[in-house]
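Shown next, in structure tokens, is the structure this report addresses.
When a residue number appears, it is its place in the shown sequence, counting from 1.
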Amino acid sequence: MADLQTTLDELRNRFAEALGKAGDEKALEALRVAFLGRSGEITVLRRNIGQLSAEERPTAGKTINDVVSQIESDLEAAKGQLEARVFEAELAELVDITFPAIEPQVGTIHPVRRIIEEAAGFFERRGFAVLTGPEIEPDYYTFDALNIPEDHPAREGFDSFFINDKLLLRPHTSPMQIRAMQQHKPPIAVVAPGKCYRRDAVDARHLFQFHQIEGLLVAEGVHFGHLKGMLTEMCRELFGADQQVRFRPSYFPFTEPSAEVDTTCPKCHGSGKLRETQCNMCGGSGWIELGGAGMVHPNVLREVGYDPEVVSGWAFGFGIERVALTRYDIDDIRRTVESDPDFLLQLR
């Protein structure tokens, strides 16, 4: 037992000397393993207790445990002192409080989504309901109910993705107009934003997937002047108060009369020139095409059970990406789907 006490005293002296030299957490951990680990000196002493007599074993065990407790306490104290020294060293460092902070990474709304929300919000404030619907539609809602029968040449212009003979990815959000009119009697005022799909070759101005917003108003006494006033105000909200809007005669199977809707180029403000050179956004015309519009065709009204002798309505459809290209002066529509953070940060 005397030999054990001598060994423990020697062990404590060596531990105290090594502890004084430990300058970091790594050294403290190495010291703990050397004395208290599975192969450490204390562990070896514990294994030798069995060689003592039965009377000596309890006292030997208690003595060793007291030494272990003291070593653990010294290690914990040394660790605390080490952490305090590191903290004090950090506090002693000079910090330039006027130096700009690191800018946090903050998300933002995608420009396409922002335009959808602004356009839909414009109509919501004027009493329109916002509708969303399936992106896979039967050809009845996509074509037949819109005055485009199976043998109509206008079907070819949509270049649609068919899933089978009757189902396809919708080329426009017009099916929601049909569904809304079938479910509600006039008056009715709705806008339908959403994804659309057409088999277009991908280039700087075309994608096979894009977003569209369509609007519909049907009631007694509705005329083309109401349509012109509403779309003019929408363009001014999206592009600025000085915007002008023109309506060029056109043809769509589901409206009569029909028109293409143009707005003054927001880059050259309708002049067609920038510093005596041709505007590269509008090609020198001073106008940007946004989409199509017109008075709802009587055949469409009859298809949903409305009487065209009693009610009339107007409808329009704009491509959201086309509006985004114009509003933000984007040179390539593919940028809207590439998710390039550097590009999107410029449009916050």
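- Residues satisfying the side-chain hydrogen bond (donor to acceptor under 3.5 Å, both in side chains) test with Gln212, not counting sequence neighbours, are none.
- Side-chain contact between Phe208 and Asp200 is absent, with no heavy-atom pair separated by less than 4.5 Å.
- Linking Ile, Leu, Val, Met, Phe, Trp and Tyr residues whenever their side-chain heavy atoms come within less than 4.5 Å places Val337 and Val323 in a single cluster.
- In this structure the side chain of Glu303 never reaches within 4.5 angstrom of the side chain of Pro298, judged on heavy atoms.
- A 6.0 Å sphere centred on CZ of Arg246 holds more than 12 heavy atoms belonging to other residues, nucleotides or ligands.
- Looking at every heavy atom in both residues, Thr255 comes nearest to Ala293 through OG1-O, 4.1 Å.
- Here His152 pairs with nothing under the ring pair (Phe, Tyr, Trp, His ring centres under 6.0 Å) rule; sequence neighbours left out.
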Note to self: With side chain to side chain contact (heavy atoms under 4.5 Å, CB included) as the criterion, how do Ile71 and Leu11 come out once you've worked through the C-alpha distance, each side chain's angles and the decisive distance to 0.1 Å?
What the structure shows: CA-CA 10 Å; Ile71 289 176; Leu11 184 149; 3.8 Å; yes
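- Side-chain N or O atoms of Arg198 include one that pairs as donor or acceptor with a backbone N or O of Pro171 at under 3.5 Å.
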Note to self: For a side chain to side chain contact (heavy atoms under 4.5 Å, CB included) check, start with the C-alpha distance between Phe128 and Met230, then their side-chain angles and the critical distance, and finish with the verdict.
What the structure shows: CA-CA 12 Å; Phe128 283 67; Met230 189 68 75; 3.9 Å; yes
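- Salt bridge annotation for Arg334-Glu321: absent, with no cationic side-chain nitrogen under 4.0 angstrom from a carboxylate oxygen.
- Counting heavy atoms from C-beta on, the side chains of Thr173 and Cys196 come closer than 4.5 Å.
- Within the 4.5 Å cutoff, the side chain of Ile178 has heavy atoms near those of the Val300 side chain.
- Partners of Phe224 according to the ring pair (Phe, Tyr, Trp, His ring centres under 6.0 Å) rule, which considers only residues two or more places apart in sequence or in another chain, are Phe247.
- Closest approach of Met234 and Phe122 over heavy atoms only: N-CZ, 3.4 Å.
- Glu260 has its side chain within reach of Phe252: a pair of non-hydrogen atoms, C-beta onward, lies under 4.5 Å apart.
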Notebook entry, point to check: Given Met176 and Leu216, is the side chain to side chain contact (heavy atoms under 4.5 Å, CB included) satisfied, shown in steps?
Noted result: CA-CA 10 Å; Met176 290 309 302; Leu216 171 72; over 6 Å; no
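- Connection of Phe239 to Ile213 is established within a shared hydrophobic cluster, with ILVMFWY side chains joined at heavy-atom distances below 4.5 Å, either directly or through further cluster members.
- Remark: Phe162 CZ is packed, more than 12 non-hydrogen atoms of other residues, nucleotides or ligands lying under 6.0 Å away.
- For CG of Asp242, the number of neighbouring non-hydrogen atoms (other residues, nucleotides, ligands) closer than 6.0 Å is 12 at most.
- Under a hydrophobic clustering in which Ile, Leu, Val, Met, Phe, Trp and Tyr are joined whenever their side-chain heavy atoms come within less than 4.5 Å, directly or via other members, Leu207 and Tyr197 fall into the same cluster.
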Check: Run the salt bridge (Lys or Arg N to Asp or Glu O under 4.0 Å) check on Arg32 and Glu76 step by step: do they pass?
Finding: CA-CA 10 Å; Arg32 184 195 68 79; Glu76 191 66 27; over 6 Å; no
Note to self: Please determine whether side chain to side chain contact (heavy atoms under 4.5 Å, CB included) holds for the pair Val261 and Glu289, giving the CA-CA distance in whole Å, both sets of side-chain angles, and the decisive distance to 0.1 Å.
What the structure shows: CA-CA 6 Å; Val261 183; Glu289 179 183 325; over 6 Å; no
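- Both Tyr306 and Tyr140 are assigned to one and the same hydrophobic cluster, defined by single-linkage of ILVMFWY side chains at heavy-atom distances under 4.5 Å.
- The two residues Ala119 and Leu238 have their closest heavy-atom pair at N-CD2, 4.3 Å.
- When the side chains of ILVMFWY residues are joined at heavy-atom separations under 4.5 Å, either directly or via intervening members, Val33 and Leu28 end up in two distinct hydrophobic clusters.
- The closest side-chain heavy-atom distance from Phe143 to Leu168 is below 4.5 Å.
- Side-chain atoms of Arg85 do not come within 3.5 Å of backbone N or O of Gly80 as any donor-acceptor pair.
- The line from CD1 of Ile115 to NE2 of His110 is 10.0 Å long, rounded to the nearest 0.5 Å.
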Margin query: Please evaluate residues Gln70 and Asp74 with respect to the criterion side chain to side chain donor-acceptor pair (under 3.5 Å), reporting the C-alpha separation (whole Å), side-chain torsions for both, the decisive distance (0.1 Å), and the verdict.
Written below: CA-CA 6 Å; Gln70 186 61 48; Asp74 292 346; 2.9 Å; yes
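- Closest of all the heavy-atom pairs between Gly313 and Val222 is CA-CG1, 4.0 Å.
- Looking only at distances, a side-chain donor or acceptor of Arg114 sits under 3.5 Å from a matching main-chain atom of Ile109.
- The closest side-chain heavy-atom distance from His172 to Glu214 is below 4.5 Å.
- Within a 6.0 Å sphere centred on CD of Glu338, heavy atoms belonging to other residues, nucleotides or ligands number more than 12.
- Applying the side-chain hydrogen bond (donor to acceptor under 3.5 Å, both in side chains) rule to Asp203 yields the partners His206; only residues at least two apart in sequence or on another chain are considered.
- Between the side chain of Thr232 and the backbone N or O of Lys228, at least one donor-acceptor pair lies under 3.5 Å.
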Can I get a per-line list of side-chain donor-acceptor pairs under 3.5 Å for residues 181-192, giving both atom names and the distance, sequence neighbours left out?
residue, atom, partner, partner atom, Å
Gln182, OE1, Tyr141, OH, 3.1

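- The pair Lys166-Glu137 fails the salt-bridge criterion, with no side-chain N (NZ, NE, NH1 or NH2) lying under 4.0 Å from an Asp/Glu carboxylate O.
- Residues Trp287 and Gln244 approach most closely at CZ3-O, 3.7 Å, considering heavy atoms.
- When all heavy atoms of Leu146 and Ser174 are compared, the closest pair comes out as CD1-CB, 3.5 Å.
- Annotation: ring pair (Phe, Tyr, Trp, His ring centres under 6.0 Å) contacts of Phe316 (sequence neighbours excluded): Phe123, Phe318.
- With respect to the salt-bridge test (charged N to carboxylate O, under 4.0 angstrom), the residues Lys26 and Glu29 do not qualify.
- Separation of atoms CG (Asp139) and OG (Ser160) is listed at 10.0 Å; rounding is to 0.5 Å.
- Distance check: Leu290 CG to Asp262 CG gives 7.0 Å after rounding to the nearest 0.5 Å.
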Note to self: Could you walk me through whether Thr263 and Gln243 satisfy the side chain to side chain donor-acceptor pair (under 3.5 Å) test, starting with their C-alpha distance in whole Å, then the side-chain angles of each, then the deciding distance to 0.1 Å, before giving a yes or no?
What the structure shows: CA-CA 7 Å; Thr263 187; Gln243 288 299 111; 2.7 Å; yes
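- One N or O on the side chain of Ser271 and one on the backbone of Lys273 form a donor-acceptor pair closer than 3.5 Å.
- Using modelled atom types, no side-chain atom of Arg248 and backbone atom of Ala259 make a donor-acceptor pair closer than 3.5 Å.
- Counting only heavy atoms from C-beta outward, the side chains of Ile330 and Phe343 approach each other to under 4.5 Å.
- Exactly one residue among Glu233, Glu237, Glu118 makes a salt bridge (Lys or Arg N to Asp or Glu O under 4.0 Å) with Arg125. That residue is Glu237.
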Item checked: Worked verdict on Arg335 versus Tyr328 for side chain to side chain donor-acceptor pair (under 3.5 Å) -> CA-CA 12 Å; Arg335 290 180 175 272; Tyr328 297 111; over 6 Å; no
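- Rounding to the nearest 0.5 Å gives a distance of 8.5 Å between CG of Leu217 and CE of Met295.
- Asn147 contributes a side-chain N or O that, together with a main-chain N or O of Pro253, makes up a donor-acceptor pair within less than 3.5 Å.
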